[in-house]
Amino acid sequence: MADPKGFMTTPREEWPRRPVEERVRDWDEVYVPGALLPIVTKQADRCMDCGVPFCHDACPLGNLIPEWNDLVSRDDWRAAADRLHATNNFPEFTGRLCPAPCEAGCVLAINQPAVTIKNVEVAIADRAWSDGFAPPRPPDRLSGRTVAVIGSGPTGLAAAQQLTRAGHTVAVYERDDRLGGLMRYGIPEFKMEKRHLERRLEQMRAEGTKFRTSTTVGRDIGAAGLRARYDAVVIATGATAWRELDVPGRELTGIHQAMEYLPLANRVCEGDMAASPLSAAGKHVVIVGGGDTGADCLGTAVREGAASVTQLDIYAQPDAERDEDAEPWPTYPKIYRLSAAHEEARDLETAPAAHADARLFAASTLHFEGDRDGHVRSLHLVEVDAERRPLDGSERSLPADLVLLALGFSGPGREDGLIDQLGLAMAPRGTITRDADFATSARGVFVAGDAARGQSLIVWAIAEGRAVAAAVDRYLTGSSQLPAPIGPYDRPMTV
């Protein structure tokens with residue numbers, strides 16, 4: 001603990017964002033370049049080095065947060081990078097994309113603003129790359145065992161890197177033309193520039209991991225044949241079966257799933273096309289769904305030049321402070337948060353019908369109306385109470401030329417044939433079942449991440465990848481020195 005009084009003398013200060021008018025004109029990350037390092041050392045000083053650091057339990061990776069906070073406060077960036085990478089393969093991803101449940105579990109957060117753990121994390125990660133503290137770590141010798149990993153999202157990449165470093169020969173199969181899963185085509189560039197992903201992939205290639213893109217297991221390659229070629233298979237395909245909105249008018253054109261819309265905008269940023277065929281430019285956009293994916297659609301539509309953008313959230317607007325009775329510390333509370341996209345919508349007044357930041361809370365979609373050509377032109381909604389019952393006299397309509405459904409995902413898709421070809425047992429909620437060793441009902445086939453857990457956070461995805469790697473290593477060799485931060489039945493801290 002470098003400064004025993006740091007948490008009393010230094011106020012919380014976060015990485016500043018670029019001005020709204022500037023950042024909505026490009027796709028660069030929203031934060032001011034170079035503005036984090038001058039403040040992060042003092043912010044790390046705010047860590048109390050408490051005797052029982054609940055931030056450890058709040059983060060499924062078990063990040064050694066007080067240790068690397070102390071090291072940053074002392075300007076020992078190399079040691080901080082070593083501590084950070086000891087538990088997290090991709091801190092440059094989590095430091096940008098994770099909602100930071102660790103900060104909700106910070107002991108200081110009981111009665112003060114939490115330590116800026118996420119900002120310290122990304123500062124260490126970026127410093128590690130710039131100063132050469134993240135070199136490739138190829139294995140000293142090969143085991144002679146082979147593993148196929150299906151899916152290159154955070155779970156698949158974490159599993160592949162751990163298994164490669166353990167000496168196994170690993171090939172990652174990805175159905176898209178580029179690697180990264182949702183980090184590539186689901187996360188907008190303004191949240192994480194893809195150069196961070198490319199840098200990590202190059203590290204993995206240098207370590208010996210092989211990648212096979214544009215290859216759909218179950219269609220381009222038979223799943224059973226793939227299993228026969230490898231000593232073990234890890235399924236890390238994520239949860240891609242999106243939830244639908246079954247209301248009248250859903251068949252109208254102009255109504256799309258968020259994951260039909262977001263990948264196209266990302267492809268524009270990749271240089272694959274000049275403009276998205278689903279561009280929001282000049283359109284009245286309504287986003288159904290109040291989560292992070294909806295916010296990603298919001299920020300994207302703003303940058304594409306939408307005439308208006310409104311986001312519907314079926315839940316009531318949360319309070320600004322934690323409800324200690326309903327969601328006591330150290331659980332992750334549902335409070336009012338202003339993401340970069342919502343800040344942009346608020347300042348630019350993109351949603352005249354909304355109260356402040358483009359969101360309409362406690363709003364449920366009733367039906368859509370279209371024009372003579374069958375294209376959506378309006379969305380009809382109603383306000384609801386806490387039990388989602390309609391409130392009399394609260395019906396209204398919004399102009400809508402483009403509707404984006406961001407309602408989450410139920411489990412892995414089955415259209416490729418992977419699940420059926422391997423004969424995998426499924427849970428009633430649509431996920432792949434597994435035992436205490438992450439093993440599926442098919443011998444030598446393991447599953448991790450959202451495909452088994454259901455839709456979750458990036459930190460849980462990476463933790464799953466690390467844990468399944470330890471299980472596979474144990475299956476192949478009889479024992480394992482790889483860390484397993486979580487078990488398949490562990491869950492976040494909730495009330």
Side-chain angles (χ1 to χ4, degrees), residues 88-94 96-97 136 146-165 168-189 191-221 223 226-227 229-230 232-241 259 262-263 266-267 269-270 272 409 412-413 415-416 418-419 432 438 445-453 455-469 472:
N88 187 350
N89 295 72
F90 314 123
E92 66 272 31
F93 303 164
T94 54
R96 288 174 167 82
L97 304 178
T146 59
V147 182
V149 176
I150 306 173
S152 68
T155 297
L157 292 180
Q161 185 166 63
Q162 292 293 96
L163 288 166
T164 296
R165 289 176 172 178
H168 306 302
T169 300
V170 180
V172 178
Y173 290 82
E174 170 56 52
R175 65 180 181 178
D176 281 325
D177 59 338
R178 293 185 180 89
L179 299 164
L182 283 181
M183 291 188 298
R184 172 73 68 179
Y185 289 129
I187 299 297
E189 190 83 358
K191 285 183 69 174
M192 187 184 80
E193 294 172 10
K194 301 308 180 284
R195 60 187 175 89
H196 303 294
L197 176 59
E198 294 293 351
R199 186 169 52 189
R200 189 61 76 170
L201 291 169
E202 284 304 309
Q203 180 198 53
M204 293 181 66
R205 289 188 180 97
E207 293 172 346
T209 303
K210 308 298 181 184
F211 294 103
R212 308 281 186 265
T213 55
S214 302
T215 304
T216 302
V217 177
R219 189 169 63 228
D220 299 324
I221 296 179
L226 185 76
R227 170 65 189 94
R229 288 170 49 190
Y230 290 88
V233 172
V234 176
I235 298 173
T237 55
T240 58
M259 287 310 299
L262 290 172
N266 276 297
R267 287 191 176 277
C269 292
E270 294 279 5
D272 293 347
F409 306 88
E415 65 277 3
D416 296 335
L418 167 65
I419 292 172
I432 301 173
F438 292 85
V445 179
F446 299 78
V447 63
D450 292 1
R453 177 172 292 276
Q455 185 178 354
S456 190
L457 304 178
I458 186 171
V459 281
W460 281 91
I462 296 173
E464 287 254 342
R466 291 172 66 86
V468 76
V472 172

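Quick caveat: nothing in here was measured; it's all calculated off a predicted structure.
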Has the side chain of [X] got a donor or acceptor atom that lies under 3.5 Å from a matching backbone atom of [Y]?
| X | Y | answer |
| --- | --- | --- |
| Arg200 | Asn89 | yes |
| Gln162 | Ala469 | no |
| Asp450 | Gly238 | no |

Do [X] and [Y] touch side chain to side chain, with heavy atoms closer than 4.5 Å?
| X | Y | result |
| --- | --- | --- |
| Lys191 | Leu97 | yes |
| Glu207 | Gln203 | yes |
| Glu270 | Arg184 | yes |
| Tyr173 | Leu226 | yes |
| Leu197 | Arg178 | no |

Before you tell me yes or no, could you show the steps for Met204 and Val170 under side-chain contact (heavy atoms from CB on, under 4.5 Å), namely the whole-Å CA-CA distance, both residues' side-chain angles and the distance that decides it to 0.1 Å?
CA-CA 10 Å; Met204 293 181 66; Val170 180; over 6 Å; no

Report the C-alpha separation of Tyr185 and Asp177 in whole Å, then their side-chain angles, then the decisive distance to 0.1 Å, and conclude whether the side-chain contact (heavy atoms from CB on, under 4.5 Å) test is met.
CA-CA 10 Å; Tyr185 289 129; Asp177 59 338; 2.7 Å; yes

Over all heavy atoms of both residues, which pair between [X] and [Y] is shortest? Give the atoms and the distance, please.
| X | Y | answer |
| --- | --- | --- |
| Tyr230 | Ala171 | OH-CB, 3.5 Å |
| Leu262 | Gly186 | CD1-O, 3.5 Å |
| Glu174 | Ser152 | OE1-OG, 2.7 Å |
| Thr240 | Gly413 | OG1-N, 3.1 Å |
| Val468 | Val447 | CG2-O, 4.3 Å |
| Ala158 | Phe90 | N-CE1, 3.5 Å |

Go through it in stages, so that I can follow the logic: the residues are Arg229 and Thr146, the test is side-chain contact (heavy atoms from CB on, under 4.5 Å), and I'd like the CA-CA distance, side-chain angles, deciding distance and then a yes or no.
CA-CA 8 Å; Arg229 288 170 49 190; Thr146 59; over 6 Å; no

Would you call Glu193-Arg96 a salt bridge at under 4.0 Å N-O?
no

Please determine whether a side-chain nitrogen of the Lys or Arg among Arg199 and Glu202 lies less than 4.0 Å from a carboxylate oxygen of the Asp or Glu.
no

Evaluate the side-chain contact (heavy atoms from CB on, under 4.5 Å) criterion for residues Thr237 and Arg175: first the C-alpha distance (whole Å), next the side-chain angles of each, then the deciding distance (0.1 Å), finally the verdict.
CA-CA 9 Å; Thr237 55; Arg175 65 180 181 178; over 6 Å; no

Atom pair CD1 (Ile235) and OG1 (Thr155), whose distance is rounded to the nearest 0.5 Å
12.5 Å

Quick one, Arg195 with Glu189, criterion salt bridge (charged side-chain N to carboxylate O under 4.0 Å, His left out). Give me CA distance, side-chain angles, the key distance, then yes/no.
CA-CA 10 Å; Arg195 60 187 175 89; Glu189 190 83 358; over 6 Å; no

Side chains of residues 208-217: which donor-acceptor partners sit under 3.5 Å, not counting sequence neighbours?
from: Thr209; atom 1: OG1; to: Thr164; atom 2: OG1; distance (Å): 2.7
from: Thr215; atom 1: OG1; to: Thr213; atom 2: O; distance (Å): 2.9
from: Thr216; atom 1: OG1; to: Arg219; atom 2: NH2; distance (Å): 3.4

Only pairs under 3.5 Å count here: list side-chain donor-acceptor contacts from residues 455-463, not counting sequence neighbours, and write none if there are none.
from: Gln455; atom 1: OE1; to: Phe409; atom 2: N; distance (Å): 2.8

